[in-house]
Trainee: 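Dumping the structure here so I can ask a few things about it.
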Number of protein chains: 2
Amino acid sequence: MNLADRKRQLVVDELTEAALQLMAVKGFEVTTVDEIVATAGVSRRTFFRYFASKEDVLVQLLAYLGDVMRDTIASRPPAEPPAVVLRHALAEAIDDCRDSRDKALRVVQLVLVTPSLLARFLERQSQWQTMLAGALTARGVNEFRADLAAGTALAAFVTVLRRWSAPGSTDDPVALLDEAFTYLGPAL
Amino acid sequence: MNLADRKRQLVVDELTEAALQLMAVKGFEVTTVDEIVATAGVSRRTFFRYFASKEDVLVQLLAYLGDVMRDTIASRPPAEPPAVVLRHALAEAIDDCRDSRDKALRVVQLVLVTPSLLARFLERQSQWQTMLAGALTARGVNEFRADLAAGTALAAFVTVLRRWSAPGSTDDPVALLDEAFTYLGPAL
DNA sequence: CCTCCGTTGACACTCAGTGCCACCGGCGGC
DNA sequence: GCCGCCGGTGGCACTGAGTGTCAACGGAGG
């Protein structure tokens, strides 16, 4: 990893940490970009070189979940049934959230409770749906069914996230996902 | 209906028509609120008294679909299975879209193709999900399953809308929904 | 040492969205 | 008919998000 790359990564980390800390305390809307960059020690212009919008600084934190799903699917045997492939992909993503509980939980709670963040997250999720559906059609699934299956799986995903991030929840997220797939799996 | 109410409705119609016409031609992002209000003949300030955001002027056009779903569910017999209730609710909403094809189709196409509009629409849809899930739990469905069922049904809903609004599509939307429920229904 | 290139900061600008106040027009009471 | 009330409106100023531009800085390589 290059020096320049590490410097850029450092700026990203500083900005995301400042944003997350401020927004967790004050709330998303009332936290201004000016406050974030002041805390992080960079200029306002630099913020928008790294993030397309104020929402992006948090949504970006969950973006790697899409990569996790994609990679997981790629590693599954081609003959595996769609429902099983999807379950593994989502389980891997949720497992990653559970591992980094401290950070992921704060982000998910903030996203699910803030309308504009939820909106941007769901938009991102619809990109995941396109990706997942593409992976299924590549495995020979009918295009319409692939869209439905991907959409259904992601609906289960957010429902599990909602349960998991609910205050006072003691449920294991992967167990929740398994329960969801007990119901939904046969239909995919 | 009051005189004042009709005057307000007139302003809403004028603004939505101006917005829809401009955005369909130029695209959503490049259409400014100033242009919309100039076309509609009201002040900028008035626009934001009727719509919470620039996105809202289009998303609001689809808001009644939520009411259609709610009313449809209320009219179904209490003992009807959840899958059938949901199918009727969505079928009624989609039927309404099909009837007003000229306007609804333009709106749906614009919403599905514009990221920020899609984001706001999906956020609205997540409110529908809460409403639908509540209706199911009121009918005795387990809360987790109700959330899953509502999310799955709405995932089918957008998939059908996507097919229906695709350029050159000749599919009947209600038939598409029925096909989707052939797969998904048993799992709900 | 100099040049090239990527990153940054500063400034100016557009546009979305909000608070505030003054104004107008209908409507009921006197 | 006059007056006060009130919902809707327009104008204005302001904050904050997001973008284009340019000059300056600093490291990598010749």
Side-chain angles (χ1 to χ4, degrees), chain A residues 1-20 22-23 25-60 110-111 114-121 123-124, chain B residues 1-20 22-23 25-60 110-111 114-121 123-124:
Chain A
M1 206 177 189
N2 202 358
L3 168 65
D5 289 338
R6 263 178 297 161
K7 276 168 70 176
R8 294 180 76 254
Q9 187 58 46
L10 197 67
V11 176
V12 170
D13 291 345
E14 208 69 31
L15 281 173
T16 52
E17 191 49 48
L20 189 52
L22 284 171
M23 290 173 180
V25 173
K26 307 178 43 178
F28 173 80
E29 288 91 352
V30 294
T31 303
T32 68
V33 175
D34 286 311
E35 293 175 321
I36 298 172
V37 299
T39 306
V42 298
S43 81
R44 167 183 184 68
R45 195 64 186 83
T46 296
F47 178 92
F48 287 105
R49 287 198 179 93
Y50 285 91
F51 304 106
S53 66
K54 199 173 82 167
E55 288 85 11
D56 203 40
V57 70
L58 288 193
V59 172
Q60 193 69 22
L110 208 47
V111 167
T114 308
S116 62
L117 280 174
L118 178 62
R120 289 294 168 178
F121 173 67
E123 181 210 339
R124 174 65 60 114
Chain B
M1 205 177 190
N2 200 0
L3 167 66
D5 288 340
R6 265 178 296 162
K7 275 168 71 177
R8 294 180 77 255
Q9 188 58 45
L10 196 67
V11 176
V12 169
D13 290 344
E14 207 68 33
L15 281 173
T16 51
E17 191 48 47
L20 190 51
L22 284 170
M23 290 174 180
V25 174
K26 306 179 44 179
F28 173 81
E29 288 91 352
V30 294
T31 303
T32 68
V33 175
D34 286 309
E35 293 174 321
I36 298 172
V37 298
T39 305
V42 298
S43 80
R44 168 185 184 70
R45 195 64 188 82
T46 295
F47 178 92
F48 287 106
R49 287 199 179 92
Y50 284 91
F51 304 105
S53 67
K54 199 175 82 169
E55 288 85 12
D56 203 40
V57 69
L58 288 193
V59 172
Q60 193 69 21
L110 208 47
V111 167
T114 307
S116 62
L117 280 174
L118 178 63
R120 289 294 168 178
F121 172 69
E123 182 210 340
R124 173 66 59 115

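Please read these numbers as outputs of a predicted model, since none were measured by experiment.
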Trainee: Mind checking if B/Arg49 touches a base, just sugar-phosphate, or nothing, with heavy atoms under 4.0 Å?
Mentor: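 Base contact.
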
Trainee: Mind checking if B/Ser116 touches a base, just sugar-phosphate, or nothing, with heavy atoms under 4.0 Å?
Mentor: nothing

Trainee: Figure out the CZ/P separation between A/Arg45 and D/dG18, and round it to whole Å.
Mentor: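 Atom CZ in A/Arg45 sits about 12 Å away from atom P in D/dG18.
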
Trainee: Which whole-number value in Å describes the distance from A/Lys26 NZ to D/dG16 C1'?
Mentor: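 One finds 13 Å between C1' of D/dG16 and NZ of A/Lys26, rounded.
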
Trainee: Expressed in angstrom and rounded to an integer, what is the separation of B/Phe48 atom CZ from D/dT9 atom C1'?
Mentor: 16 Å

Trainee: Spell out yes or no: do the side chain of B/Arg44 and the base of C/dA16 have one donor N/O and one acceptor N/O closer than 3.5 Å?
Mentor: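 Between C/dA16 and B/Arg44, which were checked side chain against base, a qualifying N/O pair under 3.5 Å is present.
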
Trainee: Does D/dG8 have OP1 or OP2 under 4.0 Å away from a side-chain N or O of B/Arg8?
Mentor: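 Yes.
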
Trainee: So does B/Ser43 get a side-chain nitrogen or oxygen closer than 4.0 Å to the phosphate oxygens (OP1/OP2) of D/dG11?
Mentor: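 So the side-chain polar atoms of B/Ser43 never come under 4.0 Å of the phosphate oxygens OP1 or OP2 of D/dG11.
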
Trainee: Do the side-chain N or O atoms of B/Tyr50 get closer than 4.0 angstrom to the phosphate oxygens (OP1, OP2) of D/dT9?
Mentor: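 For D/dT9, OP1/OP2 do have a side-chain N/O of B/Tyr50 under 4.0 Å.
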
Trainee: So, the side chain of A/Glu35 versus the backbone of A/Thr32: is there a donor-acceptor pair under 3.5 Å, distance only?
Mentor: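 Indeed, once roles are kept as given, a pair shorter than 3.5 Å links the two residues.
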
Trainee: When you measure from the side-chain N and O atoms of B/Thr32 to the phosphate of C/dC15, is any distance below 4.0 Å, counting only OP1 and OP2?
Mentor: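 Negative; the distance criterion is not met.
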
Trainee: Taking B/Val42's backbone N and O only, do any of them form a donor-acceptor pair with B/Thr46's side chain (distance below 3.5 Å, no angle check)?
Mentor: no

Trainee: With a 3.5 Å cut-off and no angle check, do the side chains of B/Asp13 and B/Gln9 form a donor-acceptor pair?
Mentor: yes

Trainee: Rounded to whole Å, how long is the line connecting atom CE of A/Met23 with atom C1' of D/dA17?
Mentor: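 For the pair A/Met23 CE and D/dA17 C1', the rounded distance is 12 Å.
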
